[in-house]
Amino acid sequence: MTQITIQTPDDWHLHFRDGDMLAETVPATARCFQRAVAMPNLVPPVTTADMVSDYKQRILAARPEGSTFEPVMTLFLTNTTSKQDIIDAKAAGALAAKLYPAGATTNSDAAVSRLDGLFPIFEEMQKQGMLLLVHGEVTAHHIDIFDREKEFIDQNMTRIVDAFPDLKVVFEHITTKDAVDFVLAASDNVAATITPQHLLLNRNDMLVGGVRPHYYCLPVLKRNIHQQALRAVVATGNKKFFLGTDSAPHEKDKKENACGCAGCYSAWSAIELYAQVFDELDALDKLEGFASQHGADFYGLPRNTTSITLVKEDWTIPAEITLPNGNPIVPFFGGETCGWKIKD
Ligand code: DOR
Ligand code: ZN
């Protein structure tokens with residue numbers, strides 16, 4: 001197959017950031033995605049209904065002329081989130097709330113350090129029909145970074161989904177065979193997003209022959225057996241797995257640094273790289289479900305009525321981009337060849 005037309009895809013997990021960064025990130029995503037779930041880990045985080053509404057307006061204002069792109073808004077959970085915060089955020093248009101274990105990743109210091117205290121909040125979310133989006137990693141210092149996702153499943157994920165069978169839970173950016181197996185075994189109210197980097201790469205790609213900081217993200221890339229489990233499950237077309245890029249921009253000097261930030265800025269090439277993966281898997285017929293249908297169905301939103309066409313054609317992803325503030329950023333796979341392209 002050298003060309004494929006699919007319903008316009010959505011990105012069910014990304015980081016637009018804020019301020020002048022929106023002039024870069026919103027158009028880059030709106031070029032091919034109709035909707036995107038906007039993560040709330042701003043500084044300060046999006047913790048109230050008013051902050052949800054204001055952030056939505058700032059994203060909408062950054063859309064290119066004539067764009068119909070729509071952000072899907074989320075609330076950032078903290079130890080002090082109240083039931084009323086959930087009710088108000090839902091009324092303000094937030095479809096989901098994000099659980100970051102405190103310290104798990106970028107701008108998550110204000111997040112949840114006492115998970116049990118949040119169970120009444122999960123109960124309210126279940127009642128309100130609000131989705132729970134989970135960054136599934138434990139943060140205890142003594143737990144090896146490569147084991148943190150599996151530990152989270154064993155310590156927390158299992159009891160959350162058992163306690164709230166009607167709560168829709170998205171296990172975000174899964175990276176392990178353990179997570180794949182967990183989601184497959186769970187009820188239809190449990191699903192997962194998968195990023196392009198975790199389908200394309202494993203930890204050898206990041207660490208053998210030199211450290212590649214632009215491949216560093218959280219949860220960190222795992223060993224090959226886990227990458228293969230992710231690839232295998234998307235190739236089956238299972239409706240519980242859908243597209244979430246976790247596109248997360250950090251300026252070049254924050255990545256190429258003695259203590260580099262976690263995140264891959266993939267908005268410039270994500271749908272093309274997913275197409276490349278599905279082609280490699282001989283599963284291009286499953287791309288539309290993954291990219292354009294399963295996520296909308298899980299969120300209870302209509303599928304998009306427009307379409308995009310991808311062609312099998314090599315192009316080079318820009319090695320560097322200049323942000324609105326004048327600073328450079330290296331997009332994910334910058335300078336590398338991508339085998340699929342959006343048709344103009
Ligand atoms: O690599 C990551 N970057 N993982 C996350 O969970 C957060 C993100 C960011 O905000 O930079
Ligand atoms: Zn993320």
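On a predicted model such as this, the values are computed, not experimentally measured, just so you know.
- Side chain of R231 to backbone of L199: a donor-acceptor contact under 3.5 angstrom is found.
- Under the 6.0 Å cut-off for aromatic ring centres, H13 and H173 qualify, their centroids lying closer than that.
- Between the side chains of D10 and S292, no donor-acceptor pair of N or O atoms lies under 3.5 Å.
- One side chain, T175 or K222, offers a donor N or O that lies under 3.5 Å from an acceptor on the other.
- Judged by distance alone, the side chain of R31 and the main-chain N or O of W268 form a donor-acceptor pair under 3.5 Å.
- A donor-acceptor pair is defined here as one N or O able to donate and one able to accept, closer than 3.5 Å; no such pair exists between the side chain of R63 and the backbone of I59.
- Side chains of T245 and T195: a donor-acceptor N/O pair is absent below 3.5 angstrom, by distance only.
- The aromatic rings of F182 and F171 stand perpendicular to each other, their planes meeting at an angle above 60°, with 30° marking the opposite boundary.
- Separation of the F290 and F241 ring centroids does not fall under the 6.0 Å cut-off.
- Checked against a 6.0 Å centroid threshold, the rings of F16 and Y55 do not count as neighbours.
- With hydrogens and angles left out, the side-chain atoms of D246 and H15 include a donor and acceptor closer than 3.5 Å.
- K90 places no side-chain N or O within 3.5 Å of a backbone atom of M125 that could act as its donor or acceptor partner.
- Side-chain atoms of F242 and W12, non-hydrogen and from C-beta on, do get closer than 4.5 Å to each other.
- Between D297 and R303 a salt bridge is recorded (basic side-chain N to carboxylate O distance below 4.0 Å).
- Counting only heavy atoms from C-beta outward, the side chains of Y100 and E172 never approach each other to under 4.5 Å.
- The closest side-chain heavy-atom distance from M21 to L323 is below 4.5 Å.
- Side chains of R17 and H250: a donor on one and an acceptor on the other come within 3.5 Å.
- Checked by atom type and distance alone, the side chain of D85 never pairs as donor or acceptor with a backbone atom of T81 at under 3.5 Å.
- Neither side chain, Q34 nor E70, offers a donor N or O lying under 3.5 Å from an acceptor on the other.
- Listed for the T74 side chain is a donor-acceptor partner under 3.5 Å among the backbone atoms of A38.
- Q228 and N224 share a donor-acceptor pair across their side chains, judged by distance under 3.5 Å alone.
- Inspection of the Y265 and E24 side chains reveals an N or O donor paired with an N or O acceptor under 3.5 Å.
- The closest side-chain donor-acceptor pair between Q128 and E124 falls under 3.5 angstrom.
- Judged by distance alone, the side chains of T5 and S307 never bring a donor and an acceptor atom under 3.5 Å apart.
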